[in-house]
Every structure is written in structure tokens, then in C-alpha cells.
Amino acid sequence: MELVTLERIQAARELLKGVTRVTPMEHARDLRKLHGGPVHLKCENLQRTGSFKIRGAYTRIHGLTAAERERGVVAASAGNHAQGVALASSLLGAKSTVFMPLRAPLPKLAATRGYGADVHLHGALLEETLKAAIEFGERTGAVFIHPFDHPDVIAGQGTVGLEILEQVPGVKTILVATGGGGLVGGVASAVKALRPDVRVVGVQAEEAAAYPPSLAAGAPVRLGSTSTMADGIAVGEPGLVSFAHVESLVDDVVTVTEQSLSRAVLLCLERRKLVVEPAGAATVAALLQHPGAFEPPVVAILSGGNVDPVLLLQIIQHGMTAGGRYLRLRLRVPDRPGSLVGVLSCVSELGANVLDVEHSRISGTLDLGEADVELALETRGPEHCKEVEIALANAGYTVV
């Protein structure tokens, strides 16, 4: 299969001038120690529509004939591609129809409609949504805009790679969040043409990693299921076009856990003041989970920032737990006046912050004169958690 050329990506960049922005590059000093050198974050979460997807969507739709644009376009997406197609279509004067899963996050749904798309909610799984979109195109003549498996889309996404080489000329490793492979394939096409020495690494969520088995088999392999908070990269099977680019040009694909993803989102929010969705923070998760694995200078692409506020709250709590900063424990205490005050005083003296308290005298496991106290605490880290548990035990309380 013929791969996307550097000339095609450079042409896409000219096309996108005034449409997309050159996103900033942040220096992540707190990650430097883990990898022995500079680490930079390419902030595509600050791109128009909140992700890199507008690059590929605009390039693809611009490449249609006038007759094709007249028929309109159709897409299927859980959010980021939907917004990219909706905005690109409105800029190019084409009618867009977008199919989204029934449980698509409300902010992404509202944003897609706000960019002018006619949105249909269909299917519990993205595969069902995708099928409905393709059937709509066959029935109406609307052109289906694939989220990753088309040369124009890959060329548009590859413009990120050109910007990286200009912003960090000495880069040695580029980390790219990877679902279907359009972004990593495009970045690798641009970078390898100009700097073949730069290592390009894809990052997938451990529970939705289709590329490792596909690369081992030499062809796209469908996963039985995907289950990850990183819905933006939860793709069950690579496409033929994107797979060819990844197989030929990408140096490695690594996976990250759900705990690492939540820690990465929290780190971006706390230390960098950047709102990044789990899929967008997958590269930071790789930096946290695989210290010393990537030669610096490293550039990690933050691919998107469209996250449901309710989910963000859950992720923050999950990230605090994964980082040892959130402790929940149950104590067995004497059922007499002053016991709860004593527990809380002990916790206060240790510098832990009480987030929630539940006091119960009713349980089949309690003896007469006993009570259970369940505490949710914010701590300074794993060592502080241990300190709190030991201090409570030494004060005479039974940690259940």
C-alpha cells in the first residue's frame, strides 16, 4: 500500500493555515527526572474543537469534489471526530450528519450540534453507530468521513509532526496516543521523512490495545471487547490504511493502565493547569508508567481535552487513589461518647484531610459496645497513608 508522502502532508499544512492553530509546546519540568532529560507536551487539547481531529477532517472534506460536498458528509464518533467534521463542514459549506452513541457525553453532543451538525444518537457501542452512519451514507449519497482510515485524514494529522520538529528541533522521541492509528501514522510519516533518527512510539490503553496483537499477526486484528476510561482511543480494530503506516513507520507501541491514565489526567490538571481527557493524556501516562524508557528530549502529544465534567471528577478521585493521596479505611471503635472525636483528633494531628465520615452501630460483625467508623481521607502520598494507619492502630483503634 502506498503511504502518505511528506509532500502531501506539507500541502495539508498550507491548506490548514488560518483554519487550525499551531498549538503551544509546554516544558514539563516535573517529568524530567523520570527520563533524564527534557520532556515537552504538545498541547493539541488547545486546538480548535479541543483536539487534533479538525486537521484530518478539514483536509478530507476539502478534498471532495463540489458534487460530493453538495451531497453532504456523514460521520460516526463518540465526540472528537464528530466536532472536527461538524466544524470543517460548516467552514467548507457542506451539510454534515453525525451519528453518536446513545450515551455520548453531553458536552460533546452539545458542541457537535453547536458547530452545525445534524446529530443522530444510535447504538450502545461505537460499532453500531458506525454501521448506522455508513448505511445513512449509502441511502442518501452523503460521503462517509472515516475518523482515521483515509490518506487525506492521515495527511492532515501529520501536520502535528511538522510542528513538533520546528518547535523542538532536537527531539529524540515522540509519544502519540493511538486508537485507530491516524494520528500516529501521520506524525510518523512526516517525522521519518525529515528525521528518520527520531523514535515514534504509539501509546494505547491496556484494555483497548488492538495494535500489539495486530502487529504480531501482520494484519489488523479485532479485539473481543474494549473497556477503558480513554474512550477517544478505544478502537477495536485498526484500519487497513492506518495499519500499513503504523507497521512501516512506527518504532513501538506501548500500553498503559487505567491507574496511569487517571494519574496523568490529574498531573496535567494540577501541575500544568491543562484540562486533558484520558485519551489525550495517554502519552503522559506512558511517561509515568515507564520511567527511563524514552530517550530525551521527549515530546508527548496531548491529543484532546474534551472531557465530561462529571467524568473528570471521577477521574480526579481515581487518580488521587492511584497516586496514594486518597485513603479510605474502616475502624472498629468503642461505642461511647468521645470515640469519634478521638479518631478525628488523631487524624487531624497527622495532617490528613477528612473528606467523609460514616458512623454505624448496626452490623452483624459488631459486638455489643462497638461501632464502625469509615473514613475517606486526603493524604500527601503513600508514605503518609501508612503513617496514618500505623498511628490509628497505635492509638488503640482496630483497622478493619
Side-chain angles (χ1 to χ4, degrees), residues 4 8-9 11-21 23 44-101 104-123 126 129-160 179-180 182-183 186 232 235 239 241-242 303-306:
V4 171
R8 193 165 183 172
I9 297 170
R13 187 176 191 187
E14 287 299 311
L15 173 67
L16 292 170
K17 284 184 176 178
V19 176
T20 60
R21 62 176 300 200
T23 50
E44 282 295 292
N45 60 309
L46 301 179
Q47 185 57 262
R48 293 184 72 177
T49 75
S51 86
F52 69 96
K53 289 288 190 177
I54 180 63
R55 298 174 183 262
Y58 189 92
T59 305
R60 172 77 174 101
I61 296 170
H62 185 276
L64 299 177
T65 65
E68 287 173 327
R69 279 193 228 165
E70 182 67 26
R71 299 203 306 267
V73 300
V74 61
S77 168
N80 289 347
H81 179 58
Q83 292 173 68
V85 168
L87 177 58
S89 298
S90 67
L91 293 173
L92 292 166
K95 175 179 171 56
S96 62
T97 302
V98 175
F99 284 76
M100 301 180 76
L106 293 179
K108 293 184 179 182
L109 175 61
T112 303
R113 285 178 170 151
Y115 288 125
D118 182 14
V119 178
H120 297 260
L121 298 177
H122 183 93
L126 189 56
T129 311
L130 184 64
K131 182 180 178 182
I134 293 172
E135 289 174 350
F136 177 88
E138 293 171 347
R139 186 172 68 253
T140 65
V143 180
F144 179 67
I145 307 300
H146 201 285
F148 53 83
D149 205 41
H150 191 280
D152 284 345
V153 173
I154 292 172
Q157 320 304 30
T159 59
V160 178
L183 178 60
V235 177
V241 179
S242 55
S303 56
N306 296 313

Next item on the list: Any chance you could lay out the side-chain contact (heavy atoms from CB on, under 4.5 Å) test for Asp152 and Arg8, step after step, and finish with the verdict?
Entry: CA-CA 8 Å; Asp152 284 345; Arg8 193 165 183 172; 2.7 Å; yes
[X] to [Y] - nearest heavy-atom pair and separation:
X: Ser90; Y: Leu87; result: OG-O, 2.7 Å
X: Ser96; Y: Ser89; result: CB-OG, 3.4 Å
X: Ala57; Y: Ala88; result: C-CB, 4.0 Å
X: Ala82; Y: Val98; result: CB-CG1, 3.5 Å
X: Phe144; Y: Ala133; result: CE1-CB, 4.1 Å
X: Ser303; Y: Leu183; result: CB-CD2, 4.1 Å

Check: In this structure, are over 12 heavy atoms from other groups packed under 6.0 Å from Glu135 atom CD?
Finding: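 Count over threshold, so yes.
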From [X] [atom1] over to [Y] [atom2], what is the distance, rounded to the nearest 0.5 angstrom?
X: His150; Y: Ile145; atom1: NE2; atom2: CD1; answer: 8.0 Å
X: Ile134; Y: Phe99; atom1: CD1; atom2: CZ; answer: 11.0 Å
X: Thr49; Y: His81; atom1: OG1; atom2: NE2; answer: 11.0 Å
X: Gln47; Y: Ile54; atom1: CD; atom2: CD1; answer: 8.0 Å

Next item on the list: Evaluate the side-chain proximity of Leu109 to Leu121: yes if any heavy-atom separation is below 4.5 Å, no if none is.
Entry: yes
Item checked: Min side-chain heavy-atom separation Arg21-Leu46 under 4.5 Å ->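 Yes; the side chains approach each other to less than 4.5 Å.
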Next item on the list: Give the C-alpha distance, both sets of side-chain angles, the deciding distance and a yes or no for side-chain contact (heavy atoms from CB on, under 4.5 Å) between Lys108 and Asn80.
Entry: CA-CA 7 Å; Lys108 293 184 179 182; Asn80 289 347; 4.1 Å; yes
Notebook entry, point to check: Is there a side-chain contact (heavy atoms from CB on, under 4.5 Å) between Ser77 and Val85 once you walk through the steps?
Noted result: CA-CA 10 Å; Ser77 168; Val85 168; over 6 Å; no
Expected output: side-chain [X] to main-chain [Y] donor-acceptor under 3.5 Å:
X: Thr129; Y: His122; answer: yes
X: Gln157; Y: Gly56; answer: yes
X: Asp118; Y: Thr97; answer: no

Check: Relative to the ring of Phe136, is the ring of His120 parallel (under 30°), tilted (30 to 60°) or perpendicular (over 60°)?
Finding: tilted
Item checked: Working for side-chain contact (heavy atoms from CB on, under 4.5 Å), residues Arg71 and Lys95 -> CA-CA 8 Å; Arg71 299 203 306 267; Lys95 175 179 171 56; over 6 Å; no
Note to self: Tell me every residue that passes side-chain contact (heavy atoms from CB on, under 4.5 Å) with Arg69, counting only those two or more places apart in sequence or in another chain.
What the structure shows: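 Arg69: side-chain contact (heavy atoms from CB on, under 4.5 Å) contacts with His62, Leu64, Leu92, Ala94.
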Notebook entry, point to check: Which of these, Lys17, Glu14, Arg55, sits in a side chain to side chain donor-acceptor pair (under 3.5 Å) with Thr159?
Noted result: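 Running side chain to side chain donor-acceptor pair (under 3.5 Å) over Lys17, Glu14, Arg55 with Thr159 returns exactly one hit, Arg55.
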